[in-house]
Asker: 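Once you've had a glance at the structure underneath, I'll fire off some questions.
For reference, positions follow the sequence shown, starting with 1. In each ligand, atom 1 is the first atom listed, and ligand 1 is the first ligand listed.
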Amino acid sequence: QMDARLPMSDIPELNGLGASFNRMAASLEGVEARRREVIGDMTHELRTPLTVVRGYLEELADGEIEASPEIYRRLAKETRRLERLVNDLQELSKAEAGYLPINIQRVNLRPLLESLVEKFTDQLLEDGPVLLLQCPSVLPLVLADIDRTEQVLVNLLGNAVRYTNEGSITIRVGTEASLLWIAVIDTGIGIAPENLPHVFERFWRADQSRDRHSGGTGIGLTISRRLIELQGGQIQVESELGVGSTFRFFLPLA
Ligand code: ADP
């Protein structure tokens with residue numbers, strides 16, 4: 001535990017110095033506390049799939065359960081989850097340290113949107129939501145990093161698929177002043193008003209998403225916001241519990 005506070009002095013100049021030193025110390029303590037919190041959260045997230053994998057392996061070793069395709073599928077699923085967590089954590093730490101190279105170009109995002117719709121349509125269940133694209137056929141160019149933008153859309157669409165049982169997921173595109181916006185609109189479980197301010201925080205997940213064992217990590221939106229901000233854009237969310245959510249991000253027009 002660090003306590004680096006300076007006592008106040010009778011000499012006014014020293015008091016000023018002492019006060020700014022104390023402010024610096026307090027902000028470092030904040031950074032340190034956040035670092036501890038992140039490591040705590042990370043450990044917790046990694047432990048869950050590890051416990052499941054270890055459990056199966058020990059039961060297999062002791063002959064308590066028999067090897068079957070189903071057991072291997074579950075082991076593979078938990079391993080994939082671990083892999084996703086580690087990848088997400090790596091992206092997160094790079095993004096937060098400012099190490100993500102961003103390659104801004106003049107791009108037309110329509111082909112990307114079309115290919116994403118195709119890819120995600122394949123993932124949708126027959127009785128699940130439909131995926132729609134509402135995009136002008138001629139889209140103005142934006143200044144963006146196409147790979148980073150794809151990463152954000154994959155996150156938003158992945159969430160929409162994960163948290164929507166029926167209805168629709170719509171990608172809508174429009175312009176506003178000197179910006180292009182892309183919205184991912186779902187008719188899913190929605191987010192409670194008191195939770196909305198937290199969705200972009202790292203490791204934050206609504207209780208109902210934790211309960212669903214939906215395979216989420218609570219990192220995707222944190223990375224997405226960072227990636228949009230690195231491109232000079234903004235991302236926002238509107239949602240109503242039980243009705244659906246809209247995640248919208250803005251990028252500068254070229
Ligand atoms: P996760 O990997 O858990 O989805 P995210 O950072 O992408 O992590 O999202 C954080 C949390 O925000 C989710 O766990 C979920 O509770 C909520 N959330 C995100 N997107 C949606 C959505 N489209 N509908 C409802 N809840 C959502």
Asker: Who passes salt bridge (charged side-chain N to carboxylate O under 4.0 Å, His left out) against Arg54, sequence neighbours left out?
Answerer: Glu58
Asker: Same cluster for Val243 and Ile191 if Ile/Leu/Val/Met/Phe/Trp/Tyr side chains link at under 4.5 Å?
Answerer: no
Asker: Are the side chain of Ser93 and the backbone N or O of Gln90 linked by a donor-acceptor pair below 3.5 Å?
Answerer: yes
Asker: Any atom of ligand 1 sitting under 4.0 Å from a heavy atom of Phe247?
Answerer: yes
Asker: Work out whether the distance between some heavy atom of Arg202 and some atom of ligand 1 is less than 4.0 Å.
Answerer: no
Asker: Any nitrogen or oxygen of Val199, side chain or backbone, less than 3.5 Å from one on ligand 1?
Answerer: no
Asker: If hydrogens are left out, which of Asp186, Thr187, Asn159 has an atom nearest to atom 23 (N) of ligand 1, that is, the closest non-hydrogen atom?
Answerer: Asp186
Asker: Check whether any heavy atom of Ile219 sits under 4.0 Å from an atom of ligand 1.
Answerer: yes
Asker: Got a sec: does the CD of Gln123 have more than 12 other heavy atoms crowding it under 6.0 Å?
Answerer: yes
Asker: Would you kindly confirm whether Leu139 and Leu179 end up in one hydrophobic cluster when ILVMFWY residues are joined by side chain heavy atoms under 4.5 Å apart?
Answerer: no
Asker: Is there a chain of hydrophobic side chains (I, L, V, M, F, W, Y, each step under 4.5 Å between heavy atoms) that links Trp181 to Leu116?
Answerer: no
Asker: In terms of atom number and element, which parts of ligand 1 are under 4.0 angstrom from non-hydrogen atoms of Ser245?
Answerer: 22 (C), 24 (N), 25 (C)
Asker: As an exercise, identify every atom of ligand 1 less than 4.0 angstrom from a heavy atom of Ile191.
Answerer: 25 (C), 26 (N), 27 (C)
Asker: Within the structure, is a non-hydrogen atom of Gly218 found at a distance of less than 4.0 Å from ligand 1?
Answerer: yes
Asker: Look only at interatomic distance and state if Thr222 has a nitrogen or oxygen under 3.5 Å from any nitrogen or oxygen of ligand 1.
Answerer: no
Asker: Taking the side chain from Thr170 and the backbone from Leu132, do they hold a donor-acceptor pair closer than 3.5 Å?
Answerer: no
Asker: What atoms of ligand 1 come within less than 4.0 Å of a heavy atom belonging to Gly190?
Answerer: 25 (C)
Asker: Considering the heavy atoms of Arg162, write down every atom of ligand 1 situated less than 4.0 Å from one of them.
Answerer: 1 (P), 2 (O), 4 (O)
Asker: Using a strict 4.0 Å threshold on nitrogen-to-oxygen distance, state whether Arg73 and Glu70 make a salt bridge.
Answerer: yes
